[in-house]
Structures are given as C-alpha cells and as structure tokens.
Amino acid sequence: MEYVMPVWDEKTGKNKVIQIENRSIRYYNKAFSKKNIMTLDTTTFDVRPGKVTMDADISNAYIRGEGVSYSKRLLLGGYSSFIHIVDISYESQTDVILDKSRRALMNCPLDYIHGVRLPITKLTPSWIRLLKNHSIFLICIKPKTVESLLSIPWGRILEAAFPKRMMFVLDPDIETENEKGLKEIKQAWSRLITRFSINSFMEISSFTNDLPLLFLKRMGLYPHKGSFDSGSDADYFMYEKNDPMKNKYIAPAIIVQKGEILKAGTSWYLGNKKGKELKYIIPEQLLSIENIHRYQIERSKFS
C-alpha cells in the first residue's frame with residue numbers, strides 16, 4: 001500500500017510529509033507524486049519513528065515461553081528494533097551460543113542485530129575474525145582497570161576486523177572500585193579511540209535507553225532504523241494527542257512496522273509476523289565527514 005502522511009521531524013524541529021512505498025519511507029515530492037495517492041490524516045496523532053535500544057534478556061524470555069509479552073513491552077515502549085547483547089566467555093563457545101540466540105529469536109516480531117559482550121582479557125584477532133564471519137559488528141568490553149585496556153593489541157584487532165569497521169563500546173555496567181577508577185577507564189578509552197581511530201560511542205549509560213541517531217549512524221543502522229529519513233523502514237508509532245494520560249506514560253495507539261499494522265487500539269496483530277536479523281549493515285556507511293571523529297552528542301546541536 002502506498003500513501004503519504006505528515007509527521008513531526010525532531011531533527012529539524014519542523015513538520016514534514018513522508019511517503020510510504022514498498023514498506024519503506026521515501027521523500028515526498030508533490031510535483032512528481034501520483035495524482036490519486038492517499039493521504040493519511042495524522043492531525044490527532046503525534047507520529048514518531050521507531051526507536052532502537054539494546055537488550056540482553058529477550059532471547060531468554062523466548063526460551064522461557066515469555067517472548068511475545070516481552071516483545072510487546074518493547075513495542076509499547078516505542079521500540080521497533082533492538083540490538084541483542086549476548087554474553088560469550090570463550091571463543092570456542094561462539095558458534096553454539098549465537099546459534100542458540102538466533103533460534104530463540106526466530107519468531108520475534110521486531111528486527112534486530114546481534115552484539116556480543118566479551119571478557120576483554122580474552123579479546124584476540126582470531127575471535128574477531130570469527131565474529132566477523134557471524135556478521136557481529138558490535139562488541140561490548142568491560143575492563144576493570146586501565147591496564148586491561150592498554151594491554152590489548154588494538155592494531156591487530158582492527159586489522160582482523162578489516163574491511164568492516166566493527167564498533168567497540170564500553171559496557172554500561174562496568175564495575176570498578178570507585179568513581180575515580182571509572183573516570184580513568186573512560187579517559188584511557190577516549191585516548192585509544194583517537195589513537196587507533198576506533199569506531200565507538202562514549203555515552204551508552206544503560207541497556208534500556210534509547211540509542212541516539214549518532215550511535216545508529218556509527219553502527220550502520222541508519223538510515224534503516226530510527227528516523228523518518230528517506231530509505232528508512234516504515235516503522236512508526238502513533239500517539240493520541242488528546243490522551244488524558246499525556247503527562248504520564250502513554251502507550252502508542254497504533255504501531256506500524258515496515259508498513260504493516262502490529263497494534264491498533266487495544267488489538268494486537270502479531271500473528272505470524274516475524275522480524276529479521278539485520279546481518280548486512282555496514283558500520284559508518286553514511287557517517288558524515290563532520291561526525292567521523294565524534295563519539296558523543298553535542299547537546300547544543302541535533303545528532
């Protein structure tokens with residue numbers, strides 16, 4: 001189905017009209033649009049793009065038989081896709097653990113990518129090559145000391161990842177003896193990022209937070225996810241403007257993923273809808289020149 005609709009663009013702070021075509025978003029050009037194309041009335045709704053988050057528990061929820069309700073909670077939170085973080089302790093476990101996670105998420109209605117959380121002391125070029133073969137491009141590291149960060153042969157690690165620009169981030173749950181130790185680790189990591197031109201992001205504070213646009217660009221999920229830009233999947237959430245609970249948590253009245261309705265009112269239409277693992281993303285693919293060496297958000301500007 002092909003249609004156009006007005007939405008609010010948070011990046012520009014202005015209204016814009018988008019065109020939904022073949023389950024994707026396209027720029028709407030009235031002069032070249034079809035004469036009889038339908039316009040969706042959104043005057044009583046706030047329409048927002050689907051957000052992306054990190055999650056480490058959803059595969060376990062599906063294994064326990066609670067996956068559908070878990071997926072609904074993500075959707076009600078405004079998330080149309082997620083990065084699933086998988087813990088792997090040893091390189092030899094990689095194939096088995098990732099295969100188990102993929103089987104668990106086969107019926108998940110949201111799109112996702114896999115990321116891994118590894119012991120930094122066991123990070124090796126051979127493990128990086130194995131992860132690259134599995135289309136894993138996000139690695140969370142959890143250093144306990146500055147020394148553990150500096151002991152890694154980062155030059156060889158990045159060579160093993162070539163030509164993919166794998167993303168390495170500090171785990172948000174880093175445990176250190178004190179705040180000073182955590183600050184020193186972040187400072188050391190910032191210096192390593194600059195020295196080796198590592199693809200990273202410095203502001204991940206929780207696995208349940210929204211991932212900002214700059215992160216999505218560095219990860220290669222933009223423009224597919226997280227925006228109303230041309231080329232994005234038609235994932236959007238419609239919130240009633242006159243909702244009496246507007247000052248509290250509001251559940252979306254309508255949820256659409258890739259142009260298909262997943263929820264309308266109190267009714268769900270998940271049925272046999274299945275998301276997919278996005279294996280063919282290219283980190284930093286559409287990262288602009290001014291953002292190449294930017295690893296955190298400038299609060300005074302749009303990301």
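For reference, positions follow the sequence shown, starting with 1.
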Backbone N/O of Gly265 and side chain of Lys263: donor-acceptor pair under 3.5 Å: yes
From CA spacing to verdict: side-chain contact (heavy atoms from CB on, under 4.5 Å), Asp95, Asp99: CA-CA 6 Å; Asp95 294 341; Asp99 184 58; over 6 Å; no
Polar side-chain atom of Thr194 near backbone of Ser190 as donor-acceptor pair, under 3.5 Å: yes
In one Ile/Leu/Val/Met/Phe/Trp/Tyr side-chain cluster, 4.5 Å: Leu150, Ile198: yes
Joint cluster assignment, Tyr90 & Val86, ILVMFWY side-chain distance < 4.5 Å: no
No-hydrogen, no-angle side-chain donor-acceptor test under 3.5 Å, Tyr222 and Asp229: yes
Check: Leu214 and Arg294 side chains under 4.5 Å, non-hydrogen atoms: yes
Heavy-atom pair of closest approach, residues Leu216 and Gly226: CD1-CA, 3.9 Å
CD1 on Ile97 to NE2 on His134, rounded to 0.5 Å: 10.5 Å
Test side-chain contact (heavy atoms from CB on, under 4.5 Å) applied to Val116 and Asp87, step by step: CA-CA 6 Å; Val116 297; Asp87 287 291; over 6 Å; no
Residue Phe162 excluded, over 12 heavy atoms near CZ under 6.0 Å: no
Ion pair Lys51/Asp210, N-O distance below 4.0 Å: yes
Pairwise side-chain contact, Tyr239 with Val47, heavy-atom cut-off 4.5 Å (strictly under): no
Nearest heavy atoms of Pro6 and Thr42, plus distance in Å: O-OG1, 2.8 Å
Smallest separation among heavy atoms of Pro125 and Arg156, with atom names: CG-NH2, 3.8 Å
Straight-line distance of Ile120 CD1 to Leu170 CG, nearest 0.5 Å: 8.0 Å
Leu40 atom CG, neighbour heavy-atom count above 12 within 6.0 Å: yes
Minimum-distance pair of heavy atoms, taken over all atoms of Pro283 and Phe137: CG-CB, 3.9 Å
Any donor-acceptor pair under 3.5 Å from Asp111 side chain to Ser81 backbone: no
Pair Phe82 + Tyr112: ring centers closer than 6.0 Å: yes
Among Phe168, Phe201, Trp154, ring-ring contact (aromatic ring centres under 6.0 Å, His included) partner for Trp189: Trp154
hydrophobic_cluster_shared for Ile255 and Trp8, side chain cutoff 4.5 Å: no
Other residues, nucleotides, ligands: >12 heavy atoms within 6.0 Å of Phe196 CZ: yes
Side chain to side chain, Val68 and Leu270, heavy atoms closer than 4.5 Å: yes
Lys100 side chain near Arg103 side chain, heavy-atom distance below 4.5 Å: yes
Test: Lys258 and Asp235 ion pair at under 4.0 Å: no
salt_bridge(Arg23, Asp233) N-O dist < 4.0 Å: no
Connected via hydrophobic side-chain network under 4.5 Å: Ile63 and Ile88: no
Residues Glu91 and Ser126: side-chain donor-acceptor under 3.5 angstrom: yes
Between CG on residue Asn107 and NZ on residue Lys273, distance to nearest 0.5 Å: 13.5 Å
Cation-pi, Tyr70 ring and Arg73 (6.0 angstrom, 45 degrees): yes
Separation of Arg102 CZ from Glu277 CD (nearest 0.5 Å): 4.0 Å
Heavy-atom pair with the smallest gap, counting every atom of Ser227 and Leu213: CB-CD1, 4.4 Å
Heavy-atom check, side chain of Ile139 versus side chain of Met166, under 4.5 Å: yes
Distance (rounded to the nearest 0.5 Å) between Lys144 NZ and Leu182 CG: 14.0 Å
Under 3.5 Å: donor-acceptor pair, side chain of Glu260, backbone of Gln257: no
pair Tyr62-Ser71: side-chain heavy atoms closer than 4.5 Å: yes
Heavy-atom neighbours of Met106 CE exceed 12 at 6.0 Å: no
Row check, Tyr236 ring normal vs Arg48 NZ/CZ: under 6.0 Å, within 45°: no
CA sep, side-chain torsions, deciding dist, call: His84, Ser59, side-chain contact (heavy atoms from CB on, under 4.5 Å): CA-CA 8 Å; His84 185 224; Ser59 64; 3.0 Å; yes
Residues Asn199 and Arg165: side-chain donor-acceptor under 3.5 angstrom: no
Point-to-point distance, once rounded to the nearest 0.5 Å, from SG of Cys140 to CD1 of Ile85: 4.0 Å
Criterion side-chain contact (heavy atoms from CB on, under 4.5 Å) against Met219, the qualifying member of Leu211, Val169, Leu287, Ile113: Ile113
Cluster overlap Tyr27 with Ile37, hydrophobic side-chain contacts below 4.5 Å: no
Sole residue of Ile18, Ile20, Val17 in side-chain contact (heavy atoms from CB on, under 4.5 Å) with Tyr28: Val17
Pair Ser101-His114, side-chain donor/acceptor within less than 3.5 Å: yes
For the student: nearest non-hydrogen atoms of Trp127 and Pro119, plus distance: CH2-CD, 4.2 Å
Check against side-chain contact (heavy atoms from CB on, under 4.5 Å), Lys16 and Val7: CA-CA 6 Å; Lys16 65 185 292 186; Val7 299; 3.6 Å; yes
Donor-acceptor contact present, side-chain Lys164 to main-chain Ile282, <3.5 Å: no
Ile141 side chain reached by Leu149 side chain, heavy atoms, under 4.5 Å: yes
Side-chain donor or acceptor of Arg129 paired with backbone N/O of Ala161 under 3.5 Å: no
Heavy-atom side-chain proximity of Lys241 to Asp46 below 4.5 angstrom: yes
Donor-acceptor pair between Ser24 and Asn22 side chains, under 3.5 angstrom: no
